[in-house]
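Let me begin by presenting the structure, written as structure tokens, before commenting on it.
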There are 2 protein chains.
Amino acid sequence: MARKPAADLPLLLGNQLCFAVYSTAHAFNRAYKPLLDRLGLTYPQYLVMLVLWERDGVPVKDIGERLLLDSGTLTPLLKRLEAAELVKRTRSTEDERQVLIALTSKGQALKEKARAVPEGILAASNCSVAELSAMKNELVALRDRLNVALAE
Amino acid sequence: MARKPAADLPLLLGNQLCFAVYSTAHAFNRAYKPLLDRLGLTYPQYLVMLVLWERDGVPVKDIGERLLLDSGTLTPLLKRLEAAELVKRTRSTEDERQVLIALTSKGQALKEKARAVPEGILAASNCSVAELSAMKNELVALRDRLNVALAE
DNA sequence: GCCAGATATATTGCGCACAATAGAATTGTT
DNA sequence: AACAATTCTATTGTGCGCAATATATCTGGC
């Protein structure tokens, strides 16, 4: 008869935290999509705009460090944001290796429209702020442990 | 003077959990990479193989339902697995719309090498199984709530 | 001042993800 | 039996994400 060997347990999909993270990321992406479509942004573009709304005129590198993304991802993304007239890319005069990203007035203005996004997500998650906050802390701790292990 | 307006707070908090999920997914991907390179698999391919190691000879649709992926993602991925001689794709005789995915002997054999993967991840996460399991359950609950909200 | 190494961005290539669409097979209804 | 609606897979196009590589610029040691 076909048995279900105990040795297979760690290989079972349902046991894997990573798949839970992976599929939750996709679920978030789908939840954000209708909200972000109104802003004309994708989720990674929205993350970049969040960084810039806090402080702009920063080099690509700073954005990459905040979002854990490299230039292979950011360069074309920022060019698309520039094509959409949300940001301006100018090479720094102090250090010509750097490209500084500044918001246009259109990019600044989009911040107001973006205020509706978080509450839309909060509603879709159907969770309390406290629960979400606790989970965020656990995930960040896990993520940082993984990144430390990778750096070794 | 430059103040940090309280009105910006919701723009930060609701987004933070999502970014935590998003960046943890990337960290997992990077953690899996060296382990999966030895198997010649990417992480999504590994997920497909996990499904098939549980039960193979299944239609593409079933795999998509397990992994929450559609044919636009799976068709080319499965063709690459076929090119690597890990699976065989054959159109069902009972229902000619379906393409059934079966493991080759090479695909079956890879399961043994894959047993080392979960413990490698466990080590990198530096967490107890109990902690990981608890987090997995919270995430799955959140993911399912998001998906329910999306279906409405 | 010169050169080696480090730093910042850009480019190329591959593999997801997913929306939109298409096309073939099946099912349900009449 | 005919046909409209549904189901399943494949295709196309866009946008990440990252490894590998390239190029220009800067910095420190001499």
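Naming: A, B, ... by sequence-line order, numbering from 1 per chain.
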Next item on the list: Do nucleotides 1-13 of chain D as a string where each nucleotide becomes B, S or -: B if the base has a protein heavy atom under 4.0 Å, S if just the sugar-phosphate does, - if no protein is that close.
Entry: ------BSSBB--

side-chain contact (heavy atoms from CB on, under 4.5 Å) partners for [X], two or more places apart:
X: Asn29(B); answer: Tyr43(B)
X: Arg38(A); answer: Leu35(A)
X: Ser128(A); answer: Ala130(A), Glu131(A)

Could you tell me which residues satisfy salt bridge (charged side-chain N to carboxylate O under 4.0 Å, His left out) with [X], sequence neighbours excluded, listed by chain and number?
X: Glu82(B); value: Arg89(B)
X: Glu94(B); value: none
X: Arg91(B); value: none
X: Asp95(B); value: Arg97(B)

Notebook entry, point to check: Earliest and latest nucleotide of DNA chain C, 5' to 3', sitting under 4.0 Å from a non-hydrogen atom of chain B?
Noted result: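 Nucleotide range in contact with chain B: dG15(C) to dT26(C).
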
Checklist line | Residues from residues 33-41 of chain A lying under 4.0 Å of DNA chain D - heavy atoms | finding: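 Residues of residues 33-41 of chain A that come under 4.0 Å of DNA chain D do not exist, since none gets that close.
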
Next item on the list: Kindly write out the residues that satisfy side-chain hydrogen bond (donor to acceptor under 3.5 Å, both in side chains) with Lys33(A), not counting sequence neighbours, or none if the list is empty.
Entry: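 For Lys33(A) the side-chain hydrogen bond (donor to acceptor under 3.5 Å, both in side chains) partners, ignoring immediate neighbours, are Asp37(A).
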
Notebook entry, point to check: For Thr93(B), which residues count as a side-chain hydrogen bond (donor to acceptor under 3.5 Å, both in side chains) partner, sequence neighbours excluded?
Noted result: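 In terms of side-chain hydrogen bond (donor to acceptor under 3.5 Å, both in side chains), with neighbours along the sequence ignored, Thr93(B) is linked to no residue.
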
Checklist line | Contact check, side chains of Arg143(A) and Leu68(A), non-hydrogen atoms, under 4.5 Å | finding: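 The answer is yes, as the side chains (C-beta and beyond) meet within the 4.5 Å cut-off.
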
For [X] and [N], give me the distance from atom [atom1] to atom [atom2], rounded to whole Å.
X: Glu82(A); N: dG15(D); atom1: CD; atom2: P; result: 15 Å
X: Leu47(A); N: dG15(D); atom1: CG; atom2: P; result: 17 Å
X: Tyr43(A); N: dG17(D); atom1: OH; atom2: C1'; result: 15 Å

Next item on the list: For Arg80(B) and for Glu96(B), locate the closest nucleotide of DNA chain C by heavy-atom distance; then report the residue assigned to the nucleotide nearer the 5' terminus.
Entry: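 The residue whose closest nucleotide sits nearer the 5' end is Arg80(B).
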
